[in-house]
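Input: a single structure, listed below in structure tokens.
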Amino acid sequence: MSGSANHQFRKAKSLIASLLCSVAALLVIAPLGLIFFYLLRSGLSSLNVAFFTNLPRPVGEPGGGMANAIVGSGELLALASLIGVPVGVLGGVYLAEYGTARVNALLRFVADVLNGVPSIIWGVVVYGLIVLPFKSFSAYAGSLALGFMMIPLIMRTTEEVLLLVPGGYREAALALGISRWKTIVHIVMKTASKGIVTGVLLALARIAGETAPLLFTAFGNRFWNRSLAEPIAALPLQIFTYAISPYDDWHRQAWAGALLLVAMIFLINLLVRFLTRGRAARVA
Amino acid sequence: MIETLPAMQTTRVRTVDFMQPLTDQPQPDAPAFGVKNLSMWYGAKEAIKNVTIDVPAKRVTAIIGPSGCGKSTFLRCLNRMHELVPRTRVEGEVLFAGQNLYSPDVDPAMIRRRIGMVFQKSNPFPTMSIAENVLVGLKLNGVRDRNLLNERLEKSLRMAALWSEVKDDLRKPGISLSGGQQQRLCIARAIAIEPEVLLMDEPASALDPIATMKIEELITELKANYTIVIVTHNMQQASRCSDFTAFFYMGALIEFANTAKIFSNPTRRQTEDYITGRFG
């Protein structure tokens with residue numbers, strides 16, 4: 001084979017490889033575009049004031065909304081954060097600052113397994129832990145299931161960002177006679193605060209759309225939730241109920257709910273981008 | 001652990017118990033540190049071998065020696081900073097103000113409030129302003145008195161020869177300063193809690209000659225009030241700004257004498273070889 005032909009052959013191979021990579025990249029981006037396109041087309045028309053302010057109405061009666069589900073999701077996420085954020089952040093602090101190598105290896109392994117546990121399993125666990133003993137579906141049960149899911153997510157991201165803080169800052173603080181705990185809180189965690197917040201937001205974005213763990217914990221509710229010990233509506237649950245119903249009216253509302261949910265998650269991710277950009281600038 | 005408070009130090013500080021000595025003040029001519037048969041291991045590796053030395057108070061003592069000879073490790077044994085590295089072990093004693101730093105009832109945090117440290121790489125806290133950096137040691141140790149804090153801020157920055165350069169920018173981030181200014185900020189941060197000793201671990205080795213000169217001038221000024229122990233790679237620096245010099249080699253103290261004597265007429269052959277550049 002002549003040198004030139006060999007060159008042509010290699011150029012062709014290079015072209016094919018880069019084409020394949022470009023197609024793969026396009027396939028990564030395409031779903032998000034498609035999701036937004038379909039949701040906007042099908043849901044935007046139903047996203048009106050009534051959707052945000054009214055309770056669901058019986059089939060055929062116009063003007064129903066998802067106000068209770070929107071508020072319910074907010075309550076569930078807030079309660080889940082009360083459990084997931086402190087435990088997850090403190091667990092991450094343990095991993096990064098206190099644990100010995102052997103304990104840490106075990107903890108990381110457990111956290112990674114927990115991250116991979118299918119979300120419906122969390123629902124089953126909390127069903128057994130809370131719903132059965134108290135004989136009621138409740139907002140508590142739903143948020144506990146979501147909180148459990150947040151813990152390993154937040155723990156690992158917190159650990160990672162704390163380990164990014166240079167050891168020189170810990171040394172400098174300890175050399176000033178500052179106690180270890182104050183060094184961790186006021187120096188290390190403060191330096192990594194944006195990263196910790198980012199981890200929390202990503203965990204929230206991850207669980208905001210979870211349906212499976214809520215199916216037999218929060219259960220859903222067609223009315224306002226009056227007590228956290230009672231079943232509560234949530235956006236993903238409401239979408240699920242409406243989407244599997246046979247009514248066009250409810251389908252349209254399900255599309256609107258899905259659009260709202262995706263928009264929320266999109267906004268959280270934008271916020272994360274904004275925060276991490278600030279951090280990168282500071283490091284540089 | 002803490003005995004009576006000397007009248008001079010009872011100023012306005014309510015919560016600052018860290019200015020109290022562990023025992024009575026040392027005699028004026030007593031050494032700041034009495035190190036006796038100090039050995040230190042990283043795991044199974046002996047990094048400091050049976051070192052005995054009296055570090056004079058209110059003087060500058062330089063520690064020189066080739067890389068890996070244990071000079072930084074020795075410095076860290078003087079305020080127990082080596083304990084941050086896992087699996088280290090110390091034998092022997094370090095007497096400071098009449099008390100062994102390694103006796104079981106001594107809290108390392110208390111030690112470090114009296115024995116400050118400046119590191120090779122300047123490390124102002126990136127989330128804090130210049131003023132916050134200087135005052136962080138006091139604030140996190142419970143000092144709330146506004147007047148005292150303001151007074152200390154100016155005093156520490158003046159002592160660190162930084163006040164005139166930053167007095168209008170106290171709220172700017174500490175890391176916005178130049179490298180040499182950052183190191184002086186770290187010195188101000190260390191002296192704001194009014195320690196009795198300053199340990200300096202190659203404080204100028206990352207700085208340009210002009211910034212280095214400023215740090216050296218500063219060391220000469222600070223020795224009126226502080227016992228200074230400085231680890232340095234730079235023998236000119238040791239001869240310029242120290243009163244006493246200790247030469248370490250392979251974890252052992254080879255020679256300790258007047259700086260003038262070490263550099264003009266060393267007793268030991270190894271010292272002479274090192275300072276004349278035959279090795280190291």
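This is a predicted model, so every value here is computed, not measured. Residue numbers start from 1 in every chain, and the chains themselves are labelled A, B, ... in the order their sequence lines are given, proteins ahead of strands.
- Residue Leu140(B) touches chain A through both its backbone and its side chain, counting heavy-atom pairs closer than 4.5 Å.
- When all heavy atoms of Ala172(A) and Arg189(B) are compared, the closest pair comes out as CB-NH2, 3.3 Å.
- Residue Pro124(B) touches chain A through its backbone alone, counting heavy-atom pairs closer than 4.5 Å.
- Counting non-hydrogen atoms of other residues, nucleotides and ligands closer than 6.0 Å to NZ of Lys223(B) gives a total above 12.
- The distance from the CG atom of Leu174(A) to the CD atom of Glu83(B) is 11.0 Å, given to the nearest 0.5 Å.
- Of all heavy-atom pairs between Phe125(B) and Tyr169(A), the closest is CE2-O, 3.3 Å.
- Residues Val136(B) and Ile187(A) are in side-chain contact: their nearest non-hydrogen atoms beyond the backbone lie under 4.5 Å apart.
- Residues Glu171(A) and Arg76(B) are paired through a salt bridge, judged by an N-O separation under 4.0 Å between the basic side chain and the carboxylate.
- Separation of atoms CG (Leu176(A)) and CE (Met117(B)) is listed at 11.5 Å; rounding is to 0.5 Å.
- For the pair Met128(B)/His186(A), no side-chain contact is recorded, criterion being any heavy-atom separation below 4.5 Å from C-beta on.
- Only the backbone of Ile115(B) comes within contact range of chain A, with at least one heavy atom under 4.5 Å from a heavy atom of that chain.
- Around atom NZ of Lys182(A), more than 12 heavy atoms belonging to other residues, nucleotides or ligands sit under 6.0 Å away.
- Other residues, nucleotides and ligands place no more than 12 heavy atoms under 6.0 Å from the NZ atom of Lys58(B).
- Arg80(B) does not touch chain A: none of its heavy atoms, backbone or side chain, sits under 4.5 Å away.
- When each of Leu199(B), Val118(B), Asn79(B), Asn123(B) is scored by its heavy-atom pairs under 4.5 Å with chain A, the top score falls to Asn123(B).
- Met189(A) CE to Thr127(B) OG1: the interatomic distance, rounded to the nearest 0.5 Å, is 12.5 Å.
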